[in-house]
**Q** 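Take a look at this one; I'll ask things after.
Reminder, nothing fancy here: chain letters follow the sequence lines and each chain counts from 1.
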2 protein chains.
Amino acid sequence: MKASDKVKHRTDMISSALRSAILERVLMPGMKLPEDSLGERFGVSRTLIRQSLERLAAEGLIELRRNKGAMVAKPSLEEARDLFELRTQIEDLVISRVIKNMTPDIIAELEGHLAKEVEAEHAAEPKSIRLATEFHILLAKLAGSPVLLRYVEEIGYRCGLTLSLYARPHSTDCGIAEHRQIIEALATGDEDTARKLMRHHLNAVADRALFTTDEGGPLVYLDALEPYAKKVRDGGA
Amino acid sequence: MKASDKVKHRTDMISSALRSAILERVLMPGMKLPEDSLGERFGVSRTLIRQSLERLAAEGLIELRRNKGAMVAKPSLEEARDLFELRTQIEDLVISRVIKNMTPDIIAELEGHLAKEVEAEHAAEPKSIRLATEFHILLAKLAGSPVLLRYVEEIGYRCGLTLSLYARPHSTDCGIAEHRQIIEALATGDEDTARKLMRHHLNAVADRALFTTDEGGPLVYLDALEPYAKKVRDGGA
DNA sequence: GTATAGTTGATTGCATACAATTTAGCCACC
DNA sequence: GGTGGCTAAATTGTATGCAATCAACTATAC
């Protein structure tokens, strides 16, 4: 059967768990990620941990230094700016394509997501951050290009990481209104406005961030990983 | 010392060798890549081959099917179009940034590369293909953003792969004139023209391709890899 | 003659063992 | 007191071995 091709490997699960932990600020930039400890924590051998780390390194979420192990990436301010600039350029294309594919279902789906964002507006921070990122990923999905989705996801995650480095807490809330505006422009088929709004939104997100750098030490504190590891050990996604 | 961080692993060398082989059409789309044979050929164990294959899979140059091994990716026509569309969008940003950084040295470097392209115009095909791709990569380097470079490289390579699937031989030559025009526009600082030319150039490349699909069988013929493997075994880059 | 089940061979998935390298602690020496 | 090397512990780099899975083939039944 062909569905078996879609069975997730344990490596996928571990990568996802680590990625989530990074994006939800459980693993902060600079933290060391020793293969042994992670393997123990996830209940697998170093082989699979290594694969996961290499994958995340390819995505730019962690840094891999020869013979010195992995740590959560600490992108520079300049890199952060470059990421947002590139993201803006790419999401421009997302907007164009979503407008081309437009159907009522698409607006419904976007509004459904927005509702979730509103609901979580005053909830725990990690959740609202995740939802805000997922709005952009949903848009990319609706653009109907797997290639585009792949890069929007990756760059979106990297931007999320930079925010955990440079943004101060609670700088994400105001994004919801901007998301709503974008949906409205898309609904009326006004491509030009939608693009301008998206550019403005991304610039605003970047501007709200990019302040002080905390310079937290590179300590290893993997205990917070436990809930993520448990899911993998139990075979969940 | 810090330079030791830049020492290339054997995995890097193997990945590069395989990547070159794919881009130079030595490994054609659909070819199977068994870990054992590759390991033997490169003189390393399956461990390193596996790492390399996973890396190339992350770059979209090969496909990895669960329990069924790796094969050189065979992107669909639609995926090919999406790749070129995305590439066009991203290289737009490259042009902007190169113009912002403009110095006489930059023009000189570009013209130096163009000279190489002219020289190789009637040389063996793999070389001219490689040089054409490297022109875009050089531009991305001159844009001064490592992030941008990383994605231009990756997507450029993927586009190169699609060309080996869909383009007929000798469809690359005419690109040199277009490269020259782009350089001229950059030299005069005319951003708008440069962008238009780049868009036109990429569309032309995509259009020249995207014809018949040969449907070559998924045979394994790794003998052609020998020259690439030798370099790795001898420790070269 | 076709179809299904069983079996064998090849290939990948994962863990473990060992080698190479880095890091940290310690003592000698300036 | 601080600096330089030396040894030991920790950590990564790589190879190998075994288990699991898949593909091809044969044999047997209908």
**Q** Going 5' to 3' through nucleotides 5-16 of chain C, assign each nucleotide B (protein heavy atom under 4.0 Å from a base atom), S (under 4.0 Å only from sugar-phosphate atoms) or - (no protein heavy atom that close).
**A** -------BBSBB
**Q** For the pair made of CG in B/Leu64 and C1' in D/dT21, what is the distance, rounded to whole Å?
**A** 15 Å
**Q** Got a second to check how far B/Ile90's CD1 is from A/Asp92's CG, nearest 0.5 Å?
**A** 12.0 Å
**Q** How about B/Glu40: does its CD atom have over 12 heavy atoms from other parts shown lying under 6.0 Å from it?
**A** no
**Q** Are side-chain heavy atoms of B/Glu134 and B/Glu117 found at a separation under 4.5 Å?
**A**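 They are not in contact (no side-chain heavy atoms under 4.5 Å apart), so the answer is no.
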**Q** Which distance, rounded to the nearest 0.5 Å, do you find between the CZ of B/Arg19 and the CG of B/Leu27?
**A** 12.5 Å
**Q** Tell me whether the rings of B/Phe135 and B/His179 are parallel (<30°), tilted (30 to 60°) or perpendicular (>60°).
**A**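 Ring orientation of B/Phe135 relative to B/His179: parallel.
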